Enquirer: 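Let me give you the structure first, and then I'll get to my questions.
Remember, predicted model here, so these are calculated numbers, not experimental data. Excluded from the calculations below are hydrogen atoms, water molecules and symmetry mates; all remaining heavy atoms, backbone and side chain alike, are included.
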Amino acid sequence: MRLRDLIQADELALKVLTGHDLLDRRVRGVSTTDLIEPSRFVKPGELVLTELTWHTGPESAGTFVKALGDVAALVSGTALKGVPLDLVEACAEAGLPLLTLPVDVPFSRLTEHVLRALIAELGTPPRERYGSRRRLASTLVDGGSLTKLVSAVAGELAVPCWVISATGRVIVGSQPLAEADRLRLAHTFLTARFLPGMVDGLSVFPISKGAPHRIANWFLAYAGEQAQGDNEDLIVELAALVALERSRLEAAQRIERRVLDQLLALLESGDAALPGVVSRLHTLHVETEHGLLAVALSVSPGAKESGGAASGGAASGGAASGVPAQAVRRRPGRVRSASPYWMSCSGRSRPGSRPRRARTRRSRWCRWPATARAS
């Protein structure tokens, strides 16, 4: 049951004062209180009814609203007094929907309506969406990618769905998304006061609440109207699985970054042993079966580009003749040194090479041509 269902009930005649964009919140219970500190007697998701006997001024309104915590909404009766303006401001500041009940509608009628709806929901059989949630989890556990995960949800809900970064970059999506739409969604995600939000018929749903700031987070974008109601649980499940997969990918990237730093430091030192280099390349999923060519460049900033000299000097490096010149064209400066080399791990020599005795049981060797210089 949602707040929107209560608003649409004509016999209750509820009016919304704050939180017009939060009416999709679930209602999981109902309670009545007039204590200034009701935190011990209310639960998250409950509809809280009050007659405002606790209200003595703006300070009491802030104290009462803060003590409510994560309740679904506050319903104020109007039999004793009108709704104070400071209470309206406190609820708007806290992101709490504030509703009013007419004088001729007693709290008991609203309470009975909520309880009947909740009992009816509890008596319904399990929905098929739980099977969909299990299929989503199994897709990820079985090695499926984020693309398969998002495509599966888009198919279940029959709506387009995307995972987008805070800068508007589409991580994965079920279909292409125009650049203007991506930027508009990212702007809504970064500037909305409360999330989930909606812009141009698309809902914006945060991936994880654990990020220190929204700029470091991802978000889901999907056709909002079609994915509301019972299907919202599927969106929540997708967000949790995407957050889990992102954590796994970031952990793998941190490991690869450390290995890459070790490899670069090893090559730069000039004491690189072939087994150590090859093992790190394999960790980075770099194939070495047919040999590799590496070029080390140092560029002096501010120097004028000299395409002819760079090309001529690099030509003495043999197989790597085109690489330094290409690097110079992309990044202006003067090439101090270019040291091409190749390594073979397959046990087969290349033309013109002199095999060296390997330090391991396998036949491996390196050839280090003379350094090419250009000025």
Side-chain angles (χ1 to χ4, degrees), residues 145 165 167 169 171 211-212 215-216 218 245-307 309-375:
S145 62
S165 71
T167 60
R169 179 172 62 93
I171 309 300
I215 194 66
W218 291 353
E245 180 66 6
R246 183 187 181 187
S247 299
R248 188 191 67 81
L249 292 175
E250 289 178 346
Q253 289 173 355
R254 286 193 294 269
I255 294 174
E256 291 183 353
R257 171 57 62 181
R258 286 197 295 267
V259 175
L260 179 59
D261 291 341
Q262 294 173 4
L263 176 61
L264 294 178
L266 188 63
L267 294 174
E268 188 177 4
S269 67
D271 299 327
L274 183 59
V277 173
V278 172
S279 64
R280 287 173 172 82
L281 288 173
H282 288 173
T283 302
L284 296 172
H285 308 288
V286 177
E287 296 296 334
T288 58
E289 178 68 19
H290 302 292
L292 295 172
L293 178 67
V295 178
L297 297 176
S298 61
V299 180
S300 60
K304 294 183 178 180
E305 179 179 357
S306 178
S311 300
S316 63
S321 59
V323 179
Q326 185 180 7
V328 171
R329 285 196 296 271
R330 292 182 178 178
R331 185 174 181 179
R334 183 175 56 177
V335 178
R336 293 291 189 183
S337 64
S339 303
Y341 63 89
W342 62 263
M343 61 185 68
S344 175
C345 308
S346 61
R348 298 189 299 270
S349 62
R350 303 184 79 176
S353 66
R354 287 188 306 170
R356 295 182 180 180
R357 185 176 300 276
R359 296 183 180 180
T360 61
R361 294 180 182 178
R362 282 186 158 184
S363 176
R364 296 175 178 171
W365 56 84
C366 291
R367 180 192 180 194
W368 302 80
T371 300
R373 298 185 178 276
S375 59

Enquirer: If the condition is salt bridge (Lys or Arg N to Asp or Glu O under 4.0 Å), which residues does Arg169 pass it with, not counting sequence neighbours?
Expert: none
Enquirer: Using 0.5 Å steps for rounding, measure from the CZ atom of Arg257 to the CD atom of Gln253.
Expert: 9.5 Å
Enquirer: Looking at CG of Leu281 and CG of Leu260, how far apart are the two atoms once the value is rounded to the nearest 0.5 Å?
Expert: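 Leu281 CG to Leu260 CG: 9.5 Å, rounded to 0.5 Å.
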